[in-house]
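Both backbone and side-chain heavy atoms feed into the values below; hydrogens, waters and symmetry mates do not. Owing to the predicted nature of the structure, the values given are computational and were not obtained by experimental measurement.
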Amino acid sequence: MSTTLAVDYALGGKLDPFWFQVSTFIWFLVQGLLMFFFFQLIFKRCMPEEKNTLSSLFAIAWYLLHPANAETINYIISRSDTLSTFFVVLGFTLYTCSAVSRKYFIYLVPVAIGSLAKPTAVMFAPILFVYILFFEEHSGFDTLLSKSWKVGKKTVPAFLLCAAMYLFVRKMEPATWSAGGTSAFGYFITQPYVILRYFTTFFFPIDLSADTDWVTFTSIWNIRCLVGFAFLATFLVAIYGLSMQRPSRPIAFGLCWFLLALLPSSTVPLAEVMNDHRLFFPYIGLVISITWALTLLVRRLSSTTAGVRPAAYVAAIFLLGACAWGTWQRNKIWATEESLWKDVTIKSPGNGRGQMNYGLILMGRGDYPGAESYFEKGLQRWPYYSYLHINMGILKEAEGKPQEAESFLKNGILNSQGTNPEGFFYYARFLKNQKRYPEALQYLKKLFQLTDAHINGHYLQMEILQETEDYPALKEAALQTLSVSANDVTAQYYLNIAETGHSKLDELVSETKARPTAEGWLNLSLTYFNAQRYMDCIQAAQEVLKLNPAYAEAWNNIGAAYGQLKNWDKEIAACEKALQIKPTMELARNNLAFAKLMQKEKNK
């Protein structure tokens, strides 16, 4: 997975999402092509006298257009699901369609690769066991005991490989990795009902959410828990009965695929009780099962009733059209972060992360009251979520409420039990902004004990050491940063300061005064702002306006600097001037909104 993402990163000019999406979509389409050959063979083994091309094409179209799969294809990091499923399907296609592949075990190569993308690919082995029992031994589960040894011998290589790959992946996991679940028992008794929800979503994908808010049951006597176990028992009985007759075995096989593909996420207590992107692999089984059931129904009815086949074609077209429309609607939801997280707050109101992420979007555009409202909703639902406390602390600091900010940032560290690096980083940044440099350095030290690769933490440490003019320590910190990120421009900048005793800012001042231009003064103004020398920032921006009075960016710099000095009237005046010159300037609009908010708070 990391390799394919790296290729997309190189092709697309770093983080252009287009290339990531195109790559995922290509894997998706090729998987659909492989499924066609695989489905054709399964259906032919049950009814060799019938042509099953239309049934196979319908099944593939249904799968490719299903709205639930939009949750996986749109979600770039779910490339793990896309790749692991693709390689499982490729393994089955090679096994069923190539005698050479079976003889030399070539079909196991893609399974091994898929396991590296996501360990769920190891379910290839038990699914292959069912396939051989049903379609090579032509038996059902009623003969399992008598056939298990014969089928087992054929699947030993697959089981050995899948077991080895699973153990290898587990060994490669870092010691700090956690599945995230809290109660193994609660998770276990909840999963049958979750599986029921996954099953019904196949037919009615109307409540899809990028981040669900389901929680585990606390008692087995919960009515939904009982319904879930009753459904699961019925499901297993149906599989057993359907496996006994040759024509219905594709239905039983598809249902087995569905359950086995869900087995890993149903038995390992994960942080999310359910997630719609987990359906990508299991739904291959359901589309086999339901399509074949409909095929048998249509063939039986058409033998006694005229007009059944044309009606079936019309119904199939309508169903595929409805799926296409549903997928189109989900794609629109996934189009922007704002639309996605807004949808999550509506579909999954109990999800604190969803409330937080939408609040972050509002905070990013300067809507601090709106952001605080969503952060508070998130804290009501997830009161111990470390990131929510951290982001609330960042918001409170931006609003000029340092005492509240410090309280939330400390809670961010406390609620993660000291395991969240971001808690230490943002609290250290807050302490640095409050000129509490020794404390800030202590928290950065704790951050580096967790992870030495936190590059922003290294930048912050070097900023503090420069401001305190501790040049020996600054040199050491710069060299440490370069050991983590070779050729890092920022680290080299601070190393130069440590070795020469003067900064690039001094050189920039001399250069700008020697060759004054509007752009040069603007660059100096921004540099002063980043160095927290706000009056110098204002003076440099005023030099810009002497050369070009209609330079909106200079007015915005003046406004932002006055905002840092808490002179809201002057910030408002400067930002309004910037917007008069450049009405589309989003940064000035955000600064203006914040200044008006703070002025209103001041006047209360």
In terms of side-chain heavy atoms, does Ser183 have a donor or acceptor partner in Thr216 at a distance below 3.5 Å?
no
Between Thr72 and Asp81, does any side-chain donor sit less than 3.5 Å from a side-chain acceptor?
no
Going through the checks in order, is the side-chain contact (heavy atoms from CB on, under 4.5 Å) test met by Arg278 and Glu272?
CA-CA 11 Å; Arg278 296 174 189 165; Glu272 290 83 21; 3.6 Å; yes
Without swapping roles, check the side chain of Thr527 against the backbone of Asn523 for a donor-acceptor pair under 3.5 Å.
yes
Applying side chain to side chain donor-acceptor pair (under 3.5 Å), which residue pairs with at least one partner in residues 372-381 are found, sequence neighbours left out?
Lys342-Tyr374, Glu372-Lys396
Given side chains that start at C-beta, do those of Lys432 and Leu460 come closer than 4.5 Å, heavy atoms only?
yes
Can we say Arg330 and Asp343 salt-bridge, meaning some charged N sits less than 4.0 Å from an Asp/Glu carboxylate O?
yes
Check: Asn391 and Tyr426 side chains under 4.5 Å, non-hydrogen atoms:
no
Centroid separation Tyr193 to Trp214 less than 6.0 Å
yes
Any donor-acceptor pair under 3.5 Å from Ser416 side chain to Ile413 backbone
yes
Decide whether Arg170 and Tyr166 meet the rule of one side-chain donor and one side-chain acceptor closer than 3.5 Å.
yes
Under 3.5 Å, is there a donor-acceptor pair linking the side chains of Thr336 and Ser339?
yes
